[in-house]
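This is a predicted model, so every value here is computed, not measured.
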Amino acid sequence: IASGSEVRIFSIASGSAQGVINLLSEYKKKNITIQAQLLDLDASALENAKITAKKFNVLNQLAFINKNAREADGYIKKFNPNIIEIVGFLEYRPDDRVIALARRMRSLLGPGGVFLTSTVTPSMESYFLTHVSNWPMIYRDVEGFAKMVRQFGFDDCEIICEPLKLQKIAICRVIK
């Protein structure tokens with residue numbers, strides 16, 4: 001991000017938005033201001049984000065929207081973000097709904113826009129989380145996630161895996 005650039009991030013199902021807040025704080029130290037809007041249905045998650053944002057001195061760079069992800073489109077159109085991110089949400093949505101959501105995001109981003117999303121890979125912990133903790137999620141392997149991402153409708157997509165390949169991030173770009 002170049003100095004003087006205007007960057008706007010819209011986070012859907014943001015939760016406590018720790019990653020976004022850390023990003024705002026790091027770039028603020030470099031005299032680059034990023035504006036972000038956080039949308040989440042859980043008001044307590046947004047309250048936690050506000051507390052963290054105050055600690056990091058970036059509260060004035062954030063707007064908090066207590067709404068359902070289905071209501072994001074109008075806010076996104078008004079805010080006109082460069083980046084839309086949905087991290088930790090796809091694990092609860094079937095493939096067809098994820099694809100439909102990503103296609104909606106594609107229609108809302110202009111040239112140069114970026115869509116970031118992630119998913120989790122099945123692991124030894126999957127059984128425990130589903131059956132012991134009663135925390136069922138939809139797990140996707142790298143190939144299944146890549147196949148789904150190709151259906152998002154973006155001009156260019158890249159999938160990055162952390163070394164253990166438990167988490168995958170898709171970086172999807174609008175070129176034209």
Side-chain angles (χ1 to χ4, degrees), residues 7-25 34-110 113-123 125-126 128-140 144-145 148-149 151-154 157 159 166-172 174:
V7 179
R8 294 173 309 284
I9 300 171
F10 195 93
S11 179
I12 297 175
S14 66
S16 61
Q18 186 66 53
V20 172
I21 292 168
N22 287 342
L23 181 77
L24 297 179
S25 177
I34 300 172
Q35 297 296 318
Q37 292 189 357
L38 309 177
L39 181 137
D40 202 290
L41 186 59
D42 183 349
S44 65
L46 293 174
E47 284 304 316
N48 286 333
K50 286 179 187 176
I51 291 167
T52 304
K54 283 180 188 176
K55 288 179 186 175
F56 282 85
N57 197 29
V58 295
L59 186 60
N60 65 330
Q61 295 172 242
L62 292 164
F64 303 88
I65 305 164
N66 184 211
K67 297 286 183 183
N68 189 294
R70 289 186 296 268
E71 301 175 74
D73 296 32
Y75 293 96
I76 292 170
K77 286 177 185 175
K78 187 175 180 182
F79 186 54
N80 192 29
N82 311 92
I83 300 167
I84 299 174
E85 70 101 19
I86 306 174
V87 175
F89 185 67
L90 302 190
E91 291 82 0
Y92 306 99
R93 301 291 180 267
D95 290 4
D96 60 331
R97 290 184 62 195
V98 169
I99 293 165
L101 175 64
R103 287 180 178 171
R104 276 185 23 230
M105 298 305 105
R106 168 58 183 97
S107 73
L108 295 167
L109 284 166
V114 176
F115 175 65
L116 299 171
T117 195
S118 68
T119 194
V120 64
T121 302
S123 69
E125 294 177 341
S126 305
F128 177 82
L129 288 171
T130 301
H131 299 289
V132 177
S133 297
N134 195 26
W135 190 1
M137 292 191 285
I138 298 171
Y139 298 91
R140 296 175 174 97
F145 187 52
M148 187 172 57
V149 167
Q151 298 177 62
F152 286 179
F154 285 85
C157 290
I159 296 176
L166 296 175
Q167 297 284 333
K168 299 166 292 303
I169 297 174
I171 304 167
C172 303
V174 178

So the salt bridge (Lys or Arg N to Asp or Glu O under 4.0 Å) pairs with at least one residue in residues 43-52 (sequence neighbours excluded) are E47-K50
Sorted by chain and residue number, the salt bridge (Lys or Arg N to Asp or Glu O under 4.0 Å) partners of R103 (sequence neighbours excluded) come out as none
Note to self: Could you check whether any side-chain N or O of D40 sits under 3.5 Å from a backbone N or O of I12, counting only pairs where one atom can act as donor and the other as acceptor?
What the structure shows: no
Interatomic distance, OG1@T119 vs CG@L166, rounded to 0.5 Å, equals 11.5 Å
When rounded to the nearest 0.5 Å, the distance separating SG of C157 from CD of Q151 is 11.5 Å
Correct closest heavy-atom pair for R70 and R104 would be O-NH2, 4.1 Å
Distance col, row S14:OG vs L46:CG, nearest 0.5 angstrom, shows 5.0 Å
Interatomic distance, CG@L39 vs CZ@F79, rounded to 0.5 Å, equals 12.0 Å
Review point. Going through the checks in order, is the side chain to side chain contact (heavy atoms under 4.5 Å, CB included) test met by L108 and Y75?
Key: CA-CA 10 Å; L108 295 167; Y75 293 96; over 6 Å; no
Across all chains, not counting sequence neighbours, the side chain to side chain contact (heavy atoms under 4.5 Å, CB included) partners of A102 are F115, F152
CG (L116) and CD1 (I169) are apart, to the nearest 0.5 Å, by 7.5 Å
Quick one: does T52's side chain have a donor or acceptor within less than 3.5 Å of a partner on N48's backbone? yes
By side chain to side chain donor-acceptor pair (under 3.5 Å), D42 pairs with (sequence neighbours left out) S44
For residues 80-89, tabulate all N or O donor-acceptor pairs below 3.5 Å that involve a side-chain atom, not counting sequence neighbours.
unit_1	atom_1	unit_2	atom_2	d
N82	OD1	R8	N	2.6
E85	OE2	S11	OG	2.3

Scanning both residues in full, the closest heavy-atom pair of S16 with A49 reads O-CB, 3.3 Å
Closest non-hydrogen atoms of V149 and A170, given as atom of the first, atom of the second and distance, are CG2-CB, 3.9 Å
Tested for side chain to side chain contact (heavy atoms under 4.5 Å, CB included) against I34, the lone hit among V58, L62, L23 is L23
Closest non-hydrogen contact found for A36 with L24 is CB-CD1, 4.3 Å
Is any side-chain heavy atom of F154 closer than 4.5 Å to one of V114? no
Output for pair (I171 CD1, S118 OG), nearest 0.5 Å, gives 11.5 Å
For N57, the side chain to side chain donor-acceptor pair (under 3.5 Å) test, sequence neighbours excluded, returns none
Residue pairs passing the salt bridge (Lys or Arg N to Asp or Glu O under 4.0 Å) test with at least one member in residues 52-67, sequence neighbours excluded, are none
Check: Does any non-hydrogen side-chain atom of I76 lie less than 4.5 Å from one of M105?
Finding: yes
Here the salt bridge (Lys or Arg N to Asp or Glu O under 4.0 Å) pairs for residues 89-100, sequence neighbours left out, are D95-R140
